[in-house]
Amino acid sequence: MSISDFHNTEVKHLLTQKPLYVFALESEATQEFADVNPLFVGIGKLNAMYHLMKRIQEEKPGVIINLGSAGSLEHKRGEVVCCTGFIQRDMDVTALGFEKYHTPFAKHEPVLLNGLKVHGLPQGICGTGDSFVVDHNTADYNVIDMEAYPLAWVAMHENIPFLCLKYISDGADGAAAEDWPEMVKHASKALRATIDTLL
């Protein structure tokens with residue numbers, strides 16, 4: 001479990017190898033990604049895992065690219081962040097003596113390191129959970145979403161390269177519920193521009 005620190009030319013090559021573009025919602029892709037036959041998994045960890053596994057069974061991709069919106073207090077709204085570490089932020093079995101975010105008896109560490117690193121983009125650790133955060137108050141992760149962790153986990157277990165780019169739509173704070181619906185409208189263009197730059 002490690003970050004794949006390739007040069008951008010190597011990332012470019014991977015993006016031509018049967019890429020699978022994965023979004024939670026169509027509103028995050030719009031017509032900007034109509035030419036790549038994207039997979040829309042829906043909201044939440046179970047939806048993400050189920051629909052990705054189903055697609056992999058039908059046709060194994062050469063690389064999985066997760067694109068979408070996310071919250072962050074550290075990164076600016078409108079910024080595209082490359083996530084290479086992932087935390088299951090709603091996994092908490094500390095009452096039984098386990099480390100926070102650690103899945104009991106799992107072999108991997110609480111922070112799952114799995115992702116292609118894109119040079120020139122800010123790096124992030126993504127905290128994934130089945131809740132929309134409006135009171136982010138930990139430094140354990142600096143990007144917040146609801147799908148990336150299981151996508152990274154499946155990619156790791158299926159030995160498929162994984163790239164995760166998140167458009168920061170809100171501050172995961174008290175204004176998040178108001179900011180997200182408006183900012184997500186800009187996500188697809190910013191994400192498409194980032195992908196086109198890599199290609």
Quick one: do Val111 and Met91 end up in the same hydrophobic cluster if we chain Ile, Leu, Val, Met, Phe, Trp and Tyr together by side-chain heavy atoms under 4.5 Å apart?
no

To the nearest 0.5 Å, atom CD of Glu158 lies from atom CE of Met53 at 4.5 Å

When you look at Val36 and Ile65, which way does the side chain to side chain contact (heavy atoms under 4.5 Å, CB included) test go after all the steps?
CA-CA 11 Å; Val36 299; Ile65 304 116; over 6 Å; no

Give a yes or no on this: more than 12 heavy atoms of other residues, nucleotides or ligands lie within 6.0 Å of atom NZ of Lys54.
no

Heavy-atom neighbours of Gln17 CD exceed 12 at 6.0 Å:
yes

Side chain to side chain contact (heavy atoms under 4.5 Å, CB included) between Leu163 and Cys82: does it pass, once the steps are laid out?
CA-CA 8 Å; Leu163 173 64; Cys82 180; 4.2 Å; yes

Ignoring hydrogens and angles, tell me if any N or O in the side chain of Lys100 forms a donor-acceptor pair with the backbone of Thr94 under 3.5 Å.
no

Would you say Arg192 and Thr30 are linked by a side-chain donor-acceptor pair, where the criterion is simply a distance under 3.5 Å?
no

Glu178 side chain to Ala175 main-chain N or O, any donor-acceptor pair under 3.5 Å?
no

Return yes when atom NZ of Lys18 has more than 12 non-hydrogen atoms of other residues, nucleotides or ligands closer than 6.0 Å, and no otherwise.
yes

In terms of ring plane angle, is the pair Phe98 and Phe105 parallel, tilted or perpendicular, where the classes change at 30° and 60°?
perpendicular

Got a second to check how far Lys185's NZ is from Trp180's CH2, nearest 0.5 Å?
10.5 Å

Is it the case that one hydrophobic cluster holds both Met146 and Val41, taking links as side-chain heavy atoms less than 4.5 Å apart, direct or via other members?
no

Could you see if Val22 belongs to whatever hydrophobic cluster contains Leu25? Use Ile, Leu, Val, Met, Phe, Trp, Tyr and a side-chain cutoff under 4.5 Å.
no

Evaluate Glu147 against Asn66 for side chain to side chain contact (heavy atoms under 4.5 Å, CB included), listing each step before the verdict.
CA-CA 9 Å; Glu147 296 83 27; Asn66 174 221; 5.5 Å; no

Which atom of Gln123 lies closest to which atom of Val81, heavy atoms considered
C-CG1, 3.8 Å

Expected output: side-chain Asp130 to main-chain Gly44 donor-acceptor under 3.5 Å
no

Classify the angle between the aromatic ring planes of Tyr149 and His108 as parallel (below 30°), tilted (30 to 60°) or perpendicular (above 60°).
tilted

Are the side chain of Thr84 and the backbone of Gly115 linked by a donor-acceptor contact shorter than 3.5 Å?
no

Flag if over 12 foreign heavy atoms under 6.0 Å of NE2, His13
no

How many angstroms lie between atom CG of Leu151 and atom SG of Cys126, to the nearest 0.5 angstrom?
9.5 Å

Between the side chain of Asp90 and the main-chain N/O of Gly129, is any donor-acceptor distance below 3.5 Å?
no

Looking only at heavy atoms, the pair that brings Leu198 and Val118 closest together is CD2-CG1, 3.6 Å

Are Val184 and Leu67 connected in the hydrophobic side-chain network, where two residues link if heavy atoms are under 4.5 Å apart?
no

Distance from Asp170 atom CG to Ile168 atom CD1, nearest 0.5 Å?
8.0 Å

His102 (side chain) donor-acceptor with Val93 (main chain) under 3.5 angstrom
no

Go through the steps for Phe40 and His51 under the test ring pair (Phe, Tyr, Trp, His ring centres under 6.0 Å), then give the verdict.
CA-CA 8 Å; Phe40 301 110; His51 289 289; over 10 Å; no

Do Pro61 and Ile160 make a side-chain contact, defined as non-hydrogen atoms from C-beta onward lying under 4.5 Å apart?
yes

For Trp153 and Met49, the nearest pair of non-hydrogen atoms, with its separation, is CE3-CE, 3.5 Å

Between the main-chain N or O of Thr138 and the side-chain N or O of His136, is there a donor-acceptor pair closer than 3.5 Å?
yes

Is the shortest side-chain heavy-atom distance between Val134 and Phe132 below 4.5 Å?
yes

What heavy-atom pair brings Ile144 and Ala172 nearest, and what distance separates the two atoms?
CD1-CB, 3.4 Å

Mind checking whether His75 and Lys166 have side chains closer than 4.5 Å, heavy atoms only?
no

Ile43 with Leu191, same ILVMFWY side-chain cluster at under 4.5 Å
no

Nearest 0.5 Å, what's the CG-OH distance between Asp35 and Tyr21?
8.0 Å

Stepwise, does the side chain to side chain contact (heavy atoms under 4.5 Å, CB included) test hold for Val63 with Leu116?
CA-CA 10 Å; Val63 59; Leu116 299 169; 4.2 Å; yes

Surrounding CD of Glu58 (heavy atoms of other residues, nucleotides or ligands, distance under 6.0 Å), is the total greater than 12?
yes

For the side chain of Thr128 and the backbone of Gln88, is there at least one donor-acceptor N/O pair under 3.5 Å apart?
no

Minimum heavy-atom distance Arg89-Val133, with the two atoms named:
NH1-CG2, 3.4 Å

Does any part of the side chain of Thr197, heavy atoms only, come nearer than 4.5 Å to the side chain of Asn8, both counted from C-beta?
no

So how far is it from Leu39 CG to Phe33 CZ, rounded to the nearest 0.5 Å?
14.0 Å

Work out which heavy atom in Phe23 is nearest to a heavy atom in Glu28; give both atom names and the distance.
CE2-O, 3.5 Å

